[in-house]
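Every chain is numbered from 1, with letters handed out A, B, ... down the list of sequences. Note that this is a predicted model, so its numbers are computed, not measured.
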There are 2 protein chains.
Amino acid sequence: MKNVPAHQVHDCALCPLKQFSVFLPHSKQELETVQSQKRKESLYGPGEEVIREGQIQVPLFTVLQGWAFRFKSTATGQRQILSFLLPGDLVGVQQNMAESAAHGVEALTDLRVCVFERDAMWQLHQQHPALGFKITWLTAKGEWLVDDALLSVGKRSAEERVARLLVLLFKRLRVLQPDFDMREGMVFPLTQQHIADALGLSLVHTHRTLRRLEKKGLHQVRDGRLHVCDPVALAELADLNDSTSQAQRPLV
Amino acid sequence: MKNVPAHQVHDCALCPLKQFSVFLPHSKQELETVQSQKRKESLYGPGEEVIREGQIQVPLFTVLQGWAFRFKSTATGQRQILSFLLPGDLVGVQQNMAESAAHGVEALTDLRVCVFERDAMWQLHQQHPALGFKITWLTAKGEWLVDDALLSVGKRSAEERVARLLVLLFKRLRVLQPDFDMREGMVFPLTQQHIADALGLSLVHTHRTLRRLEKKGLHQVRDGRLHVCDPVALAELADLNDSTSQAQRPLV
DNA sequence: CGACGTGTTGATCTCTCTCAATTAGAGTGG
DNA sequence: CCACTCTAATTGAGAGAGATCAACACGTCG
């Protein structure tokens, strides 16, 4: 871990996440409060642990740049990835509630995070209810992701899980990258092991499943970039029909 | 669904959850705000849907009495139970964030819930930051449960999953029931199908796994009551060693 | 160069699923 | 009181998705 030197730390008013994160303040007062709670910015390298499972005194922070993931392990060391973290995601809300971290966080790429004071959670709620509300919102959004992952791991086939992970990441990424060119694909720092750990599959079976989807022409991963070749078919397989998704479900 | 007649509705000051829920107000002003946001109390019977998946305009509510569960289904109708809801649990935070319900909620027993106004989330945050903070807390706690379930379904064997579910429910129940007698067991309204749906297992395999644990003398389910016969062995199997849980994990 | 991480592929094994049929208890109606 | 129905639990048998074990290929890096 390295701290960003003071003169390179972003001023909240110039935050690169300005257009994306719900967490960002809108009024001048809110801005000042957030700024006052900001402690520093830190950098991590790929594979570096940002939060260790069980660590105490976990800070609250936001991802500014790069990818990371939350995970939890069993006593035997089996690791399950709970969710992937992208710029704008808030981390550490759960941690602030308990004595020690309920899950670990590890960087996938070079990672830049914005770290807040330990009691920022409370200060933000207290001084600007609108910010508190946004924190709740982000927390709920985080739970949506986990709910969805649980449904996948519990009830979907390997193929469906992989397809869904790809499509969901693709969608999240596209939002963050407005000037996106379909032909170039998107940065995709996950190894097959990460995918396996996120989907509750073995490494070998994950590999075979990816290969199968690729042979069907649905996607391609090369040189750390993801190319979604057939978005429609992939979304279909992923049970992510944009259309009237909910209405289609059997009502009885 | 039936609404509780006005004269039988609890006054917030006399809320039966007083001693349990973090959500409950502590100051007089907070109490008044919560009371003002309370719209009604409703009753549901076992198997009745409290929230339908995809339903719009979902209210915020708290469980007062009884059991329920949150669930999500695939396009093919496969149902995954995301978490079980007990008295004191807050439901509908996620829902308030999106247009439509991200998950359904179904009653397991006779269920009594306390329903709030649609914009209660915002009102509570705004008027009493401390309450907003508690809502965030409860939301984060809810996510902890799902994180844990995801780890189980992703990485644990059928036996471990069942054991863990039983122990976790047992612990949650014991907190809610201070005058608890070990010999009498606890109310346990889950069918094997519910357990299967929560753990991502088939009904048949869930049954066999339960039987195996029972034969080992770890637990017993009879007449809708759960008896934990060997708490230590069960917790062991469930990877829930109360002792120094976190410290035991491999640090590298 | 050797070590290591990641991807790849084949062979084998097993946990868990699916299909199928039976039993037991609760409720309903004649 | 008994036949009828429905749900939940139960048990057996066979099938399969995915796990495990084992090698090997390839690029990177100290």
Side-chain angles (χ1 to χ4, degrees), chain A residues 45-48 69 74 76-81 106-109 152-165 188-215 219-226 237 252, chain B residues 45-48 67 69 74 76-81 106-110 152-163 165-166 187-215 219-227 237 252:
Chain A
E48 200 172 345
F69 61 87
T74 67
T76 58
Q78 303 254 77
R79 180 179 72 174
Q80 173 71 38
I81 292 182
E106 184 177 317
L108 275 166
T109 64
S152 279
V153 177
K155 299 288 165 183
R156 294 189 212 275
S157 71
E159 250 187 24
E160 291 166 334
R161 291 185 221 179
V162 172
R164 177 164 263 257
L165 178 65
F188 193 77
L190 305 192
T191 65
Q192 296 181 348
Q193 184 66 64
H194 290 126
I195 300 179
D197 285 348
L199 301 180
L201 297 170
S202 73
L203 172 59
V204 175
H205 198 242
T206 300
H207 169 253
R208 288 198 230 270
T209 306
L210 277 166
R211 269 266 158 286
R212 207 175 319 134
L213 292 187
E214 196 175 336
K215 263 173 202 154
H219 82 289
Q220 209 163 27
V221 178
R222 192 151 39 194
D223 305 322
R225 305 204 129 245
L226 165 66
L237 189 55
V252 183
Chain B
E48 199 173 345
W67 293 44
F69 62 86
T74 66
T76 58
Q78 303 255 77
R79 181 180 72 174
Q80 173 70 38
I81 292 182
E106 184 177 316
L108 275 165
T109 64
D110 280 324
S152 279
V153 176
K155 300 287 166 184
R156 294 188 212 277
S157 70
E159 249 186 24
E160 291 167 333
R161 291 185 220 179
V162 171
L165 178 65
L166 293 181
V187 190
F188 193 76
L190 305 192
T191 65
Q192 296 181 347
Q193 184 67 63
H194 290 127
I195 300 178
D197 286 348
L199 301 180
L201 298 169
S202 72
L203 172 60
V204 175
H205 199 242
T206 300
H207 169 253
R208 288 197 229 270
T209 306
L210 277 167
R211 268 265 157 285
R212 207 175 318 134
L213 293 187
E214 195 174 337
K215 262 173 202 152
H219 81 287
Q220 210 163 27
V221 177
R222 190 149 43 193
D223 305 323
R225 305 205 130 243
L226 165 66
H227 301 258
L237 189 55
V252 181

Whole-Å gap separating P (C:dC15) and NZ (B:K155) = 17 Å

query = Which residues in residues 194-204 of chain B have at least one heavy atom lying under 4.0 Å from any atom of DNA chain C?
reply = B:G200, B:L201, B:S202, B:V204

Straight-line distance of A:L165 CG to A:I81 CD1, nearest 0.5 Å = 9.0 Å

key: A:Q192 CD - C:dT6 C1' separation (whole Å)   = 8 Å

Minimal non-hydrogen separation, B:T206 against B:A196, with atom names = OG1-CB, 3.2 Å

request  = Identify the heavy atoms of A:G45 and A:A107 that sit nearest to each other, and give their distance.
outcome  = O-CB, 3.4 Å

message = Could you check whether any side-chain N or O of B:Q80 sits under 3.5 Å from a backbone N or O of B:A198, counting only pairs where one atom can act as donor and the other as acceptor?
response = yes

query = For the pair made of CD in A:Q193 and C1' in C:dG7, what is the distance, rounded to whole Å?
reply = 11 Å

ask   = Do the side-chain N or O atoms of B:H205 get closer than 4.0 angstrom to the phosphate oxygens (OP1, OP2) of C:dC17?
value = yes

key: Whole-Å gap separating C1' (C:dG10) and NE2 (A:H207)   = 12 Å

ask   = Which part of the nucleic acid, if any, lies within reach of A:S157 when heavy atoms closer than 4.0 Å are counted: base, sugar-phosphate only, or nothing?
value = sugar-phosphate

Working for side chain to side chain contact (heavy atoms under 4.5 Å, CB included), residues B:H227 and B:E214 = CA-CA 10 Å; B:H227 301 258; B:E214 195 174 337; over 6 Å; no

note = Residues B:R161 and B:L201: closest non-hydrogen pair is NH1-CD2, 3.5 Å

Heavy-atom closest contact (B:H219 atom, B:L210 atom, distance) = CE1-O, 3.3 Å

Boundaries of the DNA chain D segment in contact with chain A, non-hydrogen, under 4.0 Å = D:dG18 to D:dC21

remark   = Taking every heavy atom of B:V187 against every heavy atom of B:W67, the minimum-distance pair comes out as O-CZ2, 3.6 Å

request  = Heavy atoms only: give me the nearest A:Q78-B:K155 pair and the separation to one decimal.
outcome  = NE2-O, 3.5 Å

task = Return the value, rounded to whole Å, for the distance between atom CZ of A:R156 and atom P of C:dC17.
result = 17 Å

ask   = What's the CG-C1' distance between A:D223 and C:dT6, to the nearest Å?
value = 14 Å

query = A:K215 has an atom NZ; how far is it from atom C1' of C:dT8, in whole Å?
reply = 11 Å

inquiry  = Quiz question: going by heavy-atom distance under 3.5 Å, is there a donor-acceptor pair between the base of C:dG7 and the side chain of A:R211?
reply    = no

